[in-house]
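The next block holds one structure in the form of structure tokens; read it before the comments.
Protein chains get the first letters and strands the later ones, always in sequence-line order, with residue 1 at the start of each.
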Amino acid sequence: MSTVDKSQRVYDFKAIEEKWQKKWREQNLYAAPERPDPDKRFYMLEMFAYPSGDIHMGHFRNYIIGDAMARYQMMQGKAVLHPFGWDAFGLPAERAAIQRNIHPSEWTQKNITTSRATLQKAGISYDWSREINSSEPKYYRWTQWMFLRLFEKGLAYRKRGFVNWCPNDKTVLANEQVKDGKCERCDTVVEKKDQVQWYFKITEYADQLTDDLDKLPDWPDSVKTMQREWIGRSYGAEIDFTIEDTGEKLPVYTTRPDTIFGVTFMAIAPEAELLDRLELEPEYAEKVRKYREMALVRSEIERAAATGEKDGVFTGKYAINPYNGEKVQLWVADYVLAGYGTGAVMAVPAHDTRDFAFAKKYDIPVKVVIHPDKDTALDPETMDEAFTDYGVMVNSGQFDGLVGSEAIKKVTDFAEKQGFGRNKVNFKLKDWLISRQRYWGCPIPIIHCDKCGAVPVPDKDLPVELPKVRNFLPKGRSPLADVPEYMNVKCPKCGGEAQRDPDTMDTYVCSSWYQMRYVDAHNDIAPFDKDKASRWFPIDLYVGGITHATGHLIYFRFLHKFMRDLGWITGDEPADRLVCLGMVADEKGETMSKSKGNVVPPFPYFEQHGIDTTRLAMFFTAPTEKGVQWDGSTIVGVKKFVTKSLFPLIRHYRGSSPDLKQHFMVEDLTKDERSIYVKLNQTIKRIGEDIERLQYNTAIAALMELVRDYQPDKIANDALNDCIVIKAIQLSAPLAPHLAEELWSEVGFSESVFKSSWPEYDPEAIVAELIEIAVQINGKLRDTVTVPADSDQSVVEDAAMASPKVQKYTEGRQIIKKIFVKGRILNIVIK
RNA sequence: GCGAAAGUGGUGGAAUUGGUAGACACGCUGGAUUUAGGAUCCAGUUCCGCAAGGAAUGGGGGUUCAAGUCCCCCCUUUCGCACCA
């Protein structure tokens, strides 16, 4: 048996990957410390994963992006927290369980086992000792604890109202979970139902949630804009109109008090309770009743589809405008939303598009009270659309002549003084409806007692465990309601017979605080330790899909702020930097989903090409924020690079064990040596910057260039040669960890490459000695000249003027000026 | 309809701040070697042109010595919101 020369052996990725995964496990390489130095730590988090089967290329991409950053930060000397866990409650588990006749917990557990195995196989740098599972009592006990804290502060409450109901899933939905009038999970058209449900008072935090977006410079603008619009803060006034008969006040919200003299009718939402109290004349009562009935069964999309085509009915009643005592008709119209403002609007047809359309349809007068400017008047007879811009007030008594914001202020101030109006801020954001009529979720820790009302389960009795039942078919109320052993309990307050709340929580509740649990995943006396949280928070980098822009990412910020107010956590925001990944589509451009049956698993790629090559190919395809159409085509080039260039690099190591911190003096190097030394330092700089901004594709390109330009036979200096080999290995480590670790050990290091320090570039050696300067004539490139790097204008000019190509253009022409940018261009402007 | 982001070779994509557009790859073409495997090596490859040269970053205008990058208008695509008074 002959000894194999290890420097000549081929790239056996399978052996290498298995070997290092085993070693990493044995060394506990990814175990995060309990209490890191806050200045030397990095919290890398990828969004909570729903275990829907096995992971596919989309997940894989997400996790390797986080993984590369985590490894890079380790090499920066940071204590890294890179945890993983499962958002394990939720509807798909119930659906699958029903289909297969097994229990949701079994299905979930099986998926977790499979997915975890794939992630471990992929060698992602998770600290598995902190793994969490939101469907386990040891986790959801603290979800219930959060609920109780919110309840104590009056931020978890029950109310009756019209809610979004998904007839397919047979449960209610939060506003954020309705997309296009349809259920975000199953695409069924959502209905309206009048029900009592649990809410979290997220609106209490609406101002902060919108203001603090300014404290997040490293969040994408698109996400911040979406959140701002979702929260939808607006400034306006609330003005009390009066019902003529009864004298009852009818407050309305408006952002345009300056148009108040143009009100020609009032409109109220069909859902408005006020309508029940009005005693309508018989000739109107029946029409109004029918209209309300019809409006209530219309789905959100039907109502929205009618945009432009407005309808409504006159109630026969009148309201009085407090500014001028004018009497205007009171209508019911379904373009008025019950859930916004006061559910009633003052209609100004001349200056509001919707009111204009409505007035035209029902022949209601149009009264102009704003002119575009002093010299332009509007004629209600000839207007074919509303004038909605700001302008000069007219026909408005004492307010005539006022303009824009000043007008608004004066009109509102007047109402305030007279006591019939006030400044008012309104939000589109609604309270978060968190109760669900489903089995597979976190039980709501409340007991309903006839005597004491809604009584919180005492902390000592947590968790309220989800009973393991067989029948969890959804039927419109929680399946738990049919489990007497669960439902019937003693009231914690009076000891009398009482019943548990049968609902479970929205799974977004589970995922709104999981990031806190990771800092102390096994604490069984508190949700987490405050000191540990203060050391780890805020999250340095949070990566996930843009789909969570207005749902999870608002809830997550809300819970953080709530816990901050309770003194549990520091800082106003949970995550410093957010990066939204592009989606991974299949070769046809369709997004991968289980229901479409087009999920591409990473495993076959691991087998055929190796994990590191699969990673590099995925990284190389596109920068992080951009979507990827994965067809595996980038593998070809990347594989060539790995097997022919990167892996064989070790053959050129000469065993000099150089000092990695040393800088080489240019005068000690030959021309070829100098040039590769500069290339090395440029590459160190580029790759570091590329990784920081998650442009792994260009980092790989830079590495390819370095390896391409490296010609060992032209390097006599052993220390330089070996520095290049070693640093190239380090530079590749975050991207191709197993391979780098193998080469690193072959160089002779005994500790992991991830414990080594990321190379620092020699700032004296990032510019080549000779550089090309572009010479332009009137902005057009005519030639380039090669000059010493720090040449000033005169040197470059001399070289440029010596060029025949340049002379051809300048001959006989007048040179007007020359623009010189050091190290880049010389532009000669001629006439 | 409103809002946001984006349009660069045959393809994926480069071009941190206005300064040599097309890095790095894929693919393709030619050649070499070889000839079973999706092999290797060399050369070429934005377009037009024999060349000199010209044109070119969705289209049109503008600012500037200089524009993929900044400004205005338009078109297309993707995403988000959809009567928020």
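Across every strand in view, C70(B) sits in a pair with G62(B) that passes the Watson-Crick or G-U test at under 3.5 angstrom. When Watson-Crick and G-U wobble pairs are counted only if both distances are under 3.5 Å, U57(B) pairs with no nucleotide at all. Nucleotide A4(B) forms a pair with U78(B), judged by Watson-Crick or G-U wobble geometry with both contacts under 3.5 Å. With both pairing distances under 3.5 Å, U29(B) is matched to A43(B) as a Watson-Crick or G-U wobble pair. Across the strands present, A51(B) finds no partner; the criterion is a Watson-Crick or G-U wobble pair with both atom distances under 3.5 angstrom.
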**Q.** Test log, rule ring-ring contact (aromatic ring centres under 6.0 Å, His included), inputs F556(A) and Y508(A)
**A.** CA-CA 9 Å; F556(A) 158 87; Y508(A) 280 107; over 10 Å; no
Q: Using the ring-ring contact (aromatic ring centres under 6.0 Å, His included) rule, take W630(A) and Y605(A) through it: C-alpha gap first, then chi angles, then the decisive distance, then the call.
A: CA-CA 12 Å; W630(A) 177 259; Y605(A) 290 100; 5.4 Å; yes
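C2(B) and C71(B): their C1' atoms are spaced 23 Å apart (whole Å). Across C26(B) and A14(B), the matching C1' atoms stand 15 Å from one another, rounded to whole Å. When the C1' atom is used for both U17(B) and A66(B), the distance is 15 Å, rounded to whole Å. Spacing between U57(B) and U20(B) at atom P, rounded to whole Å, works out to 16 Å. Comparing the P positions of U63(B) and U78(B) gives a spacing of 35 Å, expressed to the nearest Å. The C1' atoms of G22(B) and G13(B) are separated by 10 Å, rounded to the nearest whole Å. Nucleotides U33(B) and C48(B) place their P atoms 31 Å apart, quoted to the nearest Å. Taking atom C1' on both U77(B) and C24(B), the two are 27 Å apart, rounded to the nearest angstrom.
Considering only side-chain N and O atoms, K644(A) lies under 4.0 angstrom from the phosphate OP1 or OP2 of C41(B). Within the 4.0 Å cut-off from OP1 or OP2 of A85(B), at least one side-chain nitrogen or oxygen of Y340(A) is found. Contact check, K780(A) against A55(B): a side-chain N or O comes under 4.0 Å of OP1 or OP2. OP1 or OP2 of A15(B) lies within a sub-4.0 Å distance of a side-chain N or O belonging to Q695(A). A sub-4.0 Å separation between OP1 or OP2 of C24(B) and a side-chain N or O of R708(A) is present. Residue K626(A) places no side-chain N or O under 4.0 Å from the OP1 or OP2 atom of G12(B).
Base orientation of G7(B): anti, the glycosidic angle falling outside 90° of 0.
Across all strands shown, Q608(A) has heavy atoms under 4.0 Å from base atoms, whether or not it also approaches the sugar-phosphate. P220(A) comes within contact range of no nucleotide atom at all, as no heavy-atom separation falls under 4.0 Å. When heavy atoms are screened at a 4.0 angstrom cut-off, S234(A) is found touching the sugar-phosphate backbone but no base atom. Within the nucleic acid shown, K685(A) has no heavy atom closer than 4.0 Å to any nucleic acid atom. The residue T784(A) sits close to a base: some heavy atom pair falls under 4.0 Å. Among the heavy atoms of the strands lying under 4.0 Å from G627(A) are primed sugar atoms or P, OP1, OP2 only; no base atom is included. Counting any heavy atom pair closer than 4.0 Å across all strands shown, Q776(A) reaches a base atom.
Between the side chain of K310(A) and the base of C83(B), a donor-acceptor pair under 3.5 Å is found.
A salt bridge links E705(A) with R686(A): at least one charged nitrogen is closer than 4.0 Å to a carboxylate oxygen. Ion pairing between a basic and an acidic side chain is recognised when a charged N comes within 4.0 Å of a carboxylate O; R422(A) and D240(A) show such pairing. The pair E760(A)-K685(A) does not meet the salt-bridge criterion, since no charged nitrogen lies less than 4.0 angstrom from a carboxylate oxygen. Salt bridge status for K360(A) with D384(A): absent, with no side-chain N to carboxylate O gap under 4.0 Å. The residues D187(A) and K182(A) are annotated as not salt-bridged, no charged nitrogen and carboxylate oxygen being separated by less than 4.0 angstrom. Under a 4.0 Å N-O distance rule, the pair K822(A)/D792(A) does not qualify as a salt bridge.
Summary of the strand contacts: G637(A) and N778(A) both lie near RNA chain B, and taking for each the nucleotide with the nearest heavy atom, the more 5' one is attributed to G637(A). In terms of position on RNA chain B, the residue among T225(A) and K428(A) whose nearest nucleotide sits closer to the 5' end is T225(A).
When each of A14(B), A85(B), U16(B) is scored by its nearest atom to the side-chain atoms of T254(A), the top-ranked nucleotide is A85(B). Each of G12(B), C84(B), G38(B) was ranked by its minimum atom distance to the side chain of F620(A); first place goes to G12(B). Candidate nucleotides A14(B), A85(B), G80(B) were compared by shortest atom distance to the side chain of E229(A), and G80(B) ranks first. The side chain of D334(A) lies closest to C83(B) when the candidates are C65(B), C83(B), U40(B). Closest contact between the side chain of A622(A) and the listed nucleotides G13(B), A23(B), G19(B) involves G13(B). Comparing A85(B), A14(B), C65(B) by their nearest atom to the side chain of V829(A) picks out C65(B). Closest to the side chain of N697(A), from the set C26(B), A14(B), A82(B), is A14(B).
Residues M704(A) and L646(A) have side chains not in contact (no heavy-atom distance under 4.5 Å, counting atoms from C-beta outward).
Distance, Y696(A) OH to U16(B) C1': 17 Å, rounded to whole Å. Between D690(A) atom CG and A15(B) atom C1' the separation is 12 Å, expressed in whole Å.
Side-chain N or O atoms of R577(A) include none that pairs as donor or acceptor with a backbone N or O of D218(A) at under 3.5 Å.
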Enumerate the protein-to-nucleotides 45-53 of chain B contacts in which both atoms are nitrogen or oxygen and the separation is below 3.5 Å.
from, atom 1, to, atom 2, distance (Å)
G53(B), OP1, K808(A), NZ, 3.1

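Summarising the local packing, CZ of R693(A) is surrounded by more than 12 heavy atoms from other residues, nucleotides or ligands at distances under 6.0 Å.
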